[in-house]
S.K.: 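This is the structure I have questions about; it appears just below.
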Amino acid sequence: MYVQHLSLTDFRTYSQVEVPLEAGVTVFVGPNGVGKTNIVEAIGYLASLSSHRVSSDKPLIAFNAERALVRGRLVRGTQTTSVEVEINADRSNRARINRANPVRASDAAGILRTVLFAPEDLALVKGDPSNRRRFLDDLMVTLLPHRAGISADYERVLKQRNALLKSARASGKFTASHEATLDVWDQHLAEAGARLLHARLVVLSQLKPHLERAYHQLTDGSKVAVATYRSSLSGADDDGGGASEDDTLSSLSVEELTEKFIAVLLVHRKKELDRGISLVGPHRDDVDLVLGGTVAKGYASHGETWSLALALRLGSYYLLIEDDHTPGATPVLILDDVFAELDASRRKKLAAIVGGAEQVLVTAAVSDDIPESLVGHQFQVVPGGLVSSGT
Ligand SMILES: Nc1ncnc2c1ncn2[C@@H]1O[C@H](COP(=O)(O)OP(=O)(O)OP(=O)(O)O)[C@@H](O)[C@H]1O
Ligand SMILES: [Mg+2]
């Protein structure tokens with residue numbers, strides 16, 4: 001698929017901008033801070049209803065404006081769809097699909113599929129586990145839109161159970177009524193948690209071969225990239241850190257995972273009451289990323305870290321193509337400031353891989369950083385707008 005037109009109103013630095021786009025490669029060039037990432041961020045937002053840079057929507061709305069509008073015309077095979085999202089400062093966001101009546105913004109998610117590579121992705125390798133959990137959960141929602149609620153369901157139950165543990169601790173003694181209520185919440189947490197855990201394990205097992213292939217393609221192939229789920233349910237240690245043995249968990253059904261979760265909660269009950277917080281469950285899990293047998297976090301070089309982060313995105317791209325290989329379903333690839341970080345050989349390899357996508361959007365401060373093989377339309381980004389500078 002590809003984005004044929006993008007229109008922004010009061011989005012970040014743009015009060016109003018029209019961006020005509022084509023299939024193939026489009027490059028946005030301009031000095032630091034001029035607004036290149038703002039454009040591709042808007043396209044990523046149209047796909048996922050979230051920004052790759054910020055967790056709240058407020059920074060997306062231009063200073064002094066009350067709402068931002070992101071409009072895109074998408075082409076998928078022979079079908080054209082227009083999607084408009086209104087990002088509001090004081091009320092919930094709205095979307096309109098093909099100019100019909102407004103719907104909840106979340107109903108527009110997934111019509112456009114993008115895979116976005118950005119400097120922020122380094123956190124997938126170097127950052128704390130929440131980055132890797134979010135990566136997996138986002139990929140899960142893209143692949144299985146009907147599962148969109150399971151992460152939110154778990155968070156809600158977790159919050160309520162934590163509130164109960166906290167109040168039980170504050171009251172100084174654990175009564176029979178606390179115990180009965182906690183039993184009920186253990187059941188809810190285990191059911192919601194098992195659904196989430198099961199979905200994550202399925203997605204990770206699907207991603208693994210694609211990650212390995214992507215890392216191999218981007219590098220000289222001397223090291224193999226492996227991702228393994230680390231569940232706080234298996235071998236639950238003192239901190240709920242868990243052991244990296246997702247193979248045993250992967251073979252379990254949601255019901256079996258629920259039973260296991262309840263059993264682990266009982267083992268931890270005293271400790272959880274002492275601390276007043278839930279110590280085990282998907283909110284404490286992680287994904288171990290290993291390069292050539294060595295865990296990447298803390299050990300991989302800068303270039304290796306970059307290549308592994310890129311391979312996670314490129315692997316997702318391959319997985320999404322495998323998931324829906326109907327013509328026109330290929331996700332739009334977005335490469336924000338990626339080439340500047342790579343050496344000449346990795347630049348060339350990445351350019352050769354992404355050059356075949358239906359649409360590739362690239363940003364760079366300096367056009368020399370973009371490999372010559374990635375020829376396409378070029379925009380010069382200037383304050384508040386764009387100037388087309390041809391191909
Ligand atoms: N809500 C907003 N309203 C107005 N301006 C904003 C808003 N959010 C960010 N900006 C401005 O946008 C600019 C950054 O834009 P952007 O990140 O797109 O730059 P860039 O061209 O990608 O730069 P670089 O080459 O450094 O990556 C900053 O100067 C920032 O002050
Ligand atoms: Mg930028």
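Read the numbers this way: they start at 1 and go in the same order the structure lists the ligands and their atoms.
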S.K.: Identify whether the distance between the nearest side-chain nitrogen and carboxylate oxygen of Asp90 and Arg67 falls below 4.0 Å.
M.R.: no
S.K.: Please check if the number of heavy atoms outside Lys349 that lie under 6.0 Å from its NZ is greater than 12.
M.R.: yes
S.K.: Check the orientation of His178 and Phe174. Use parallel for under 30°, tilted for 30 to 60°, and perpendicular for over 60°.
M.R.: parallel
S.K.: Please test Ser367 against Gln378 for side-chain contact (heavy atoms from CB on, under 4.5 Å), starting from the C-alpha separation and ending with a verdict.
M.R.: CA-CA 9 Å; Ser367 62; Gln378 201 172 105; 4.1 Å; yes
S.K.: Going by side-chain contact (heavy atoms from CB on, under 4.5 Å), Arg134 matches just one of Asp137, Asp138, Leu136. Which one?
M.R.: Asp138
S.K.: First locate atom NE2 of His198, then atom CD1 of Ile150, and finally report the distance between them rounded to the nearest 0.5 Å.
M.R.: 10.0 Å
S.K.: Does a side-chain heavy-atom distance below 4.5 Å link Asn131 with Arg133?
M.R.: no
S.K.: Ring of Tyr154, cation from Arg195 - is the NZ or CZ under 6.0 Å from the centre and inside 45° of the axis?
M.R.: no
S.K.: Report the protein N/O/S neighbours of the Mg ion (ligand 2) that fall below 2.8 Å; do not count waters.
M.R.: Thr37 OG1
S.K.: List by chain and number: which residues place a heavy atom under 4.0 Å from ligand 1?
M.R.: Arg12, Thr13, Pro31, Asn32, Gly33, Val34, Gly35, Lys36, Thr37, Asn38, Arg53, Pro59, Ile61, Ala62, Phe63, Asp337
S.K.: Does CD belonging to Glu256 count more than 12 external heavy atoms closer than 6.0 Å?
M.R.: yes
